[in-house]
J.: 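Below: one structure in structure tokens.
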Number of protein chains: 2
Amino acid sequence: MARTRLTARAAEAKPRAVASAAAPAPATPDLSLAGVDGFIGYAIRRAQLSVFQDFGERMAEFAISTAQFSVMRLARDNPGLNQRTLAEALGAETSRMVLIIDELERRGVVDRLPSTLDRRSRAIYLTAEGRKLLRRLERRVAAQDRAMVKRLRGDDKDALLRMLRNLAKPL
Amino acid sequence: MARTRLTARAAEAKPRAVASAAAPAPATPDLSLAGVDGFIGYAIRRAQLSVFQDFGERMAEFAISTAQFSVMRLARDNPGLNQRTLAEALGAETSRMVLIIDELERRGVVDRLPSTLDRRSRAIYLTAEGRKLLRRLERRVAAQDRAMVKRLRGDDKDALLRMLRNLAKPL
DNA sequence: TATTGTTATACTCTATAACTATA
DNA sequence: TATAGTTATAGAGTATAACAATA
């Protein structure tokens, strides 16, 4: 990501014909976003960007995405789920889940086994290697979550989760 | 988006060889996401997905994206900013801002005027038509924000914004 | 030399449609 | 007929690099 900080205030007063540019003020704190940052949607987007970038940096060593991590958790705790169920649980498309699991299978962390009950579907299991990797990932993710709680500076994580879940519910 | 609801519980107990599929349980409430939904990052992602989809539906008539709306707000309240400053304010890449403003200019809602102070840069202004459109958009966005506050069911929007902003701050 | 706007490229994610093999 | 997995495709968004004009 960009990792930018707003440094300019600029914006001339009225000129409707020819205009000015942004003043390169050295280290101005923030500036008037003039309202957009008062919207819940905007605040969520900025937070999500920051949190996912942080996740990417902490997981760079393993080159694992948030989606891949979630699938691994789900596969370990609900062995034998099919791809459609995994996709629905995480709010992804089944076609996307195919690619995610393709990669996890290629890395040897999950197995796709043919189902005996429904020969169209494939049951997903975490391999021994997958469980090992997942344990390492979980320590990192737990550390990130603790770091985020620290950022909350005394505010209640449970209240945050409750609010976010209420916003996430389909209308 | 997918607008999915988890309907299966499934997942057989141990079978390491051949496996089962997900049971098509009719209307099971939710099921064990077994932990991922206890992470702040996961909760933020799901909320962001839901809120942005809702935004898209409410703005379908105008075919305006969240980024375009934010640029219009910023351009109205800070007339004459250049593209780099707009990009930094919204956490976007300058190359992305070019495309966003290309489209806004094509629709006649913003003007790109040459700067007299720095002939490399272009000052962005909302047109009269842009201001008119923005007023209509703002009513819709305000309505969406009110709808989200309702979803909070008594929880404090200010607390939510404060927490999200703290999470969004670059480490 | 550095910066602004721009173009181009690539990769991820999202969204659909279509196909196959099953059911 | 419908469903699971898959493939293909197209569109957003993200991230980089490079270039011209200008500073």
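In the text below, chain A, chain B and the rest are named by the order of the sequence lines, each starting its count at 1. It should be emphasised that the depicted structure is a prediction, and the values quoted were computed from it without experimental measurement. Note that these values count all heavy atoms, side chains included, but never hydrogens, waters or copies made by symmetry.
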J.: Taking atom P of dA4(D) as reference, at what distance in whole Å does atom CG of Leu86(A) sit?
T.: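 My rounded result for the distance is 13 Å.
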
J.: Counting distance alone, no hydrogens or angles: does the base of dT3(D) have a donor or acceptor under 3.5 Å from a partner atom on the side chain of Ser121(A)?
T.: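 No, no donor-acceptor pair under 3.5 Å.
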
J.: Between the main-chain N or O of Ala123(B) and the side-chain N or O of Gln83(B), is there a donor-acceptor pair closer than 3.5 Å?
T.: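 It does not hold such a pair.
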
J.: Under 3.5 Å, is there a donor-acceptor pair between the side chain of Arg122(A) and the main chain of Pro114(A)?
T.: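 Looks like no, no N/O pair under 3.5 Å.
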
J.: Step by step, work out the salt bridge (Lys or Arg N to Asp or Glu O under 4.0 Å) result for Asp54(B) and Arg58(B).
T.: CA-CA 6 Å; Asp54(B) 183 44; Arg58(B) 288 169 184 263; 3.0 Å; yes

J.: The side chain of Ser65(A) is closest to which nucleotide in this list: dT14(D), dT16(C), dC13(C)?
T.: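 Taking heavy atoms from C-beta onward, the closest nucleotide is dC13(C).
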
J.: Given atom CZ of Arg96(B) and atom P of dG13(D), what is their separation to the nearest angstrom?
T.: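 Distance check: Arg96(B) CZ to dG13(D) P gives 4 Å.
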
J.: State which residues pass side chain to side chain contact (heavy atoms under 4.5 Å, CB included) with Arg140(A); sequence neighbours excluded, sorted by chain then number.
T.: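 Side chain to side chain contact (heavy atoms under 4.5 Å, CB included) list for Arg140(A), sorted by chain: Met59(A), Glu61(A), Phe62(A).
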
J.: Which nucleotide, dA12(D), dT4(C), dA8(C), lies nearest any side-chain atom of Arg84(B)?
T.: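 The nucleotide sitting nearest to the side chain is dT4(C).
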
J.: Round to the nearest Å and state the distance from Asn82(B) atom CG to dT3(C) atom P.
T.: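 It works out to 13 Å between those atoms.
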
J.: Find out whether Glu129(A) and Arg107(A) are in side-chain contact, i.e. whether some heavy atom of one side chain is under 4.5 Å from a heavy atom of the other.
T.: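 Heavy-atom side-chain distance check fails, nothing below 4.5 Å.
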
J.: Are OP1 or OP2 of dT6(D) and a side-chain N or O of Arg112(A) less than 4.0 angstrom apart?
T.: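 Answer is yes, contact under 4.0 Å.
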
J.: Distance check needed: dT14(D) C1' versus Gln48(A) CD, whole Å only.
T.: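 For the pair Gln48(A) CD and dT14(D) C1', the rounded distance is 12 Å.
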
J.: Ser95(A) has a side chain; which of dG5(D), dA15(D), dA8(D) sits nearest to it?
T.: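 Nucleotide nearest to Ser95(A)'s side chain: dA8(D).
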
J.: Output the rounded distance in Å from CD1 (Ile101(B)) to P (dT4(C)).
T.: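 In whole Å, dT4(C) P lies 14 Å from Ile101(B) CD1.
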
J.: State plainly whether the residues Glu103(A) and Arg106(A) are in salt-bridge range, i.e. N to O under 4.0 Å.
T.: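 Answer for the salt bridge query: yes.
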
J.: Whole-Å distance between dA17(C) P and Glu93(A) CD?
T.: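 Going from CD in Glu93(A) over to P in dA17(C) covers 11 Å.
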
J.: Restricting to side chain to side chain contact (heavy atoms under 4.5 Å, CB included), what partner residues turn up for Arg146(B), sequence neighbours left out?
T.: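 Per chain and number, Arg146(B) pairs via side chain to side chain contact (heavy atoms under 4.5 Å, CB included) with Ala142(B), Ala143(B).
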
J.: Given atom CD of Glu57(A) and atom C1' of dT14(D), what is their separation to the nearest angstrom?
T.: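 Whole-Å distance recorded here is 15 Å.
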
J.: With nearest nucleotides of DNA chain D determined for Gln83(A) and Ala67(B) from heavy-atom distances, which residue corresponds to the more 5′ nucleotide?
T.: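 First, find each residue's nearest nucleotide; the 5'-ward one identifies Gln83(A).
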
J.: Tell me: CD of Gln53(B) to P of dA12(D), nearest whole Å?
T.: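 Interatomic distance, CD of Gln53(B) to P of dA12(D): 16 Å.
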
J.: Give the B/S/- string for nucleotides 18-23 of chain D, one per nucleotide from 5' to 3', where a protein heavy atom under 4.0 Å of the base yields B, of only the sugar-phosphate yields S, and otherwise -.
T.: ---BBS

